[in-house]
Amino acid sequence: QVQLVESGGGLVQAGGSLRLSCAASGGTFSRYIMGWFRQAPGMERALVARITWSGSTLYTNSVKGRFTVSRDNGKRTVYLQMNSLKPEDTAVYFCAADQGGGLSSSSYRYWGQGTQVSVSS
């Protein structure tokens with residue numbers, strides 16, 4: 001019912017910035033909890049940030065103060081602004097949506113294909 005497409009990934013030097021976008025189609029976007037996850041080689045997919053329908057946000061500790069998640073319900077798009085990037089931020093970043101998404105990836109029903117973020121040192 002919901003389709004998600006991420007964009008904005010790429011290669012950047014440490015200290016640089018990227019903005020990821022996730023465009024949604026289908027469903028009622030404004031009612032979905034939207035999450036950003038990332039998965040690095042040898043690691044499980046982990047929550048980076050979450051934003052509710054009302055705009056309440058949650059971040060994993062390692063990105064607090066550096067990343068900002070936002071949403072535009074009119075444009076049916078969620079964003080992840082990433083500043084002061086570090087090599088350890090290198091991963092495939094995924095956008096996810098669910099009516100009642102929690103903290104784990106298993107609680108999200110809809111997923112994008114992912115976009116690669118690579119940070120060089």
Side-chain angles (χ1 to χ4, degrees):
Q1 185 177 2
V2 176
Q3 296 80 46
L4 306 174
V5 180
E6 304 98 333
S7 63
L11 176 64
V12 65
Q13 291 185 326
S17 298
L18 287 172
R19 188 180 74 163
L20 305 183
S21 298
C22 174
S25 62
T28 306
F29 179 79
S30 62
R31 296 294 183 179
Y32 280 87
I33 294 175
M34 304 295 298
W36 283 100
F37 292 78
R38 65 186 181 186
Q39 186 168 22
M43 300 179 65
E44 293 188 341
R45 193 170 300 182
L47 179 71
V48 177
R50 186 186 71 183
I51 185 166
T52 69
W53 61 270
S54 63
S56 179
T57 59
L58 178 70
Y59 300 90
T60 190
N61 286 335
S62 63
V63 307
K64 288 180 179 178
R66 300 189 298 120
F67 291 10
T68 302
V69 63
S70 61
R71 67 190 295 165
D72 187 329
N73 290 337
K75 296 181 179 179
R76 300 176 64 87
T77 302
V78 63
Y79 305 94
L80 184 67
Q81 178 67 47
M82 305 185 295
N83 299 325
S84 301
L85 284 163
K86 304 175 181 179
E88 51 263 43
D89 295 318
T90 295
V92 177
Y93 284 70
F94 298 89
C95 176
D98 201 88
Q99 295 282 2
L103 302 179
S104 66
S105 60
S106 62
S107 66
Y108 290 81
R109 179 174 299 180
Y110 305 104
W111 292 84
Q113 295 300 307
T115 184
Q116 177 70 49
V117 172
S118 299
V119 184
S120 62
S121 60

Query raised in the report: How far apart are the C-alpha atoms of Val63 and Met82, what are their side-chain angles, what is the distance that settles it, and do they pass the side chain to side chain contact (heavy atoms under 4.5 Å, CB included) test?
Result: CA-CA 9 Å; Val63 307; Met82 305 185 295; over 6 Å; no
Query raised in the report: Between Arg50 and Ile33, does a side chain to side chain contact (heavy atoms under 4.5 Å, CB included) hold up when you go through it step by step?
Result: CA-CA 7 Å; Arg50 186 186 71 183; Ile33 294 175; 3.5 Å; yes
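A donor atom on one side chain and an acceptor atom on the other are found under 3.5 Å apart for Ser54 and Thr52.
With Arg76 contributing its side chain and Ala24 its backbone, the two residues share a donor-acceptor pair below 3.5 Å. Put simply, the side chain of Glu6 gets close to the backbone of Gly114: a donor and an acceptor are under 3.5 Å apart.
For residues 93-121, every residue pair satisfying the ring-ring contact (aromatic ring centres under 6.0 Å, His included) rule, not counting sequence neighbours, is listed here: Phe37-Tyr108, Phe37-Trp111.
Side-chain atoms of Leu18 and Val119, non-hydrogen and from C-beta on, never get closer than 4.5 Å to each other.
In terms of heavy atoms, Thr60 sits closest to Leu47 at CB-O, 3.6 Å. In terms of heavy-atom proximity, Asn83 sits nearest to Ser17 at OD1-OG, 2.9 Å. Nearest heavy-atom pair across Gln116 and Ala91 is NE2-O, 3.4 Å.
The side-chain hydrogen bond (donor to acceptor under 3.5 Å, both in side chains) check on Asn73 picks up Arg71, with sequence neighbours excluded. Every residue two or more places apart in sequence or in another chain that forms a side chain to side chain contact (heavy atoms under 4.5 Å, CB included) with Ser121 is listed here: Pro87.
In Arg66, the CZ atom is crowded: over 12 heavy atoms of neighbouring residues, nucleotides or ligands sit closer than 6.0 Å.
Atom CD of Gln1 and atom OG1 of Thr28 lie 7.0 Å apart (nearest 0.5 Å). Interatomic distance, Ser70 OG to Arg19 CZ, rounded to the nearest 0.5 Å: 7.5 Å.
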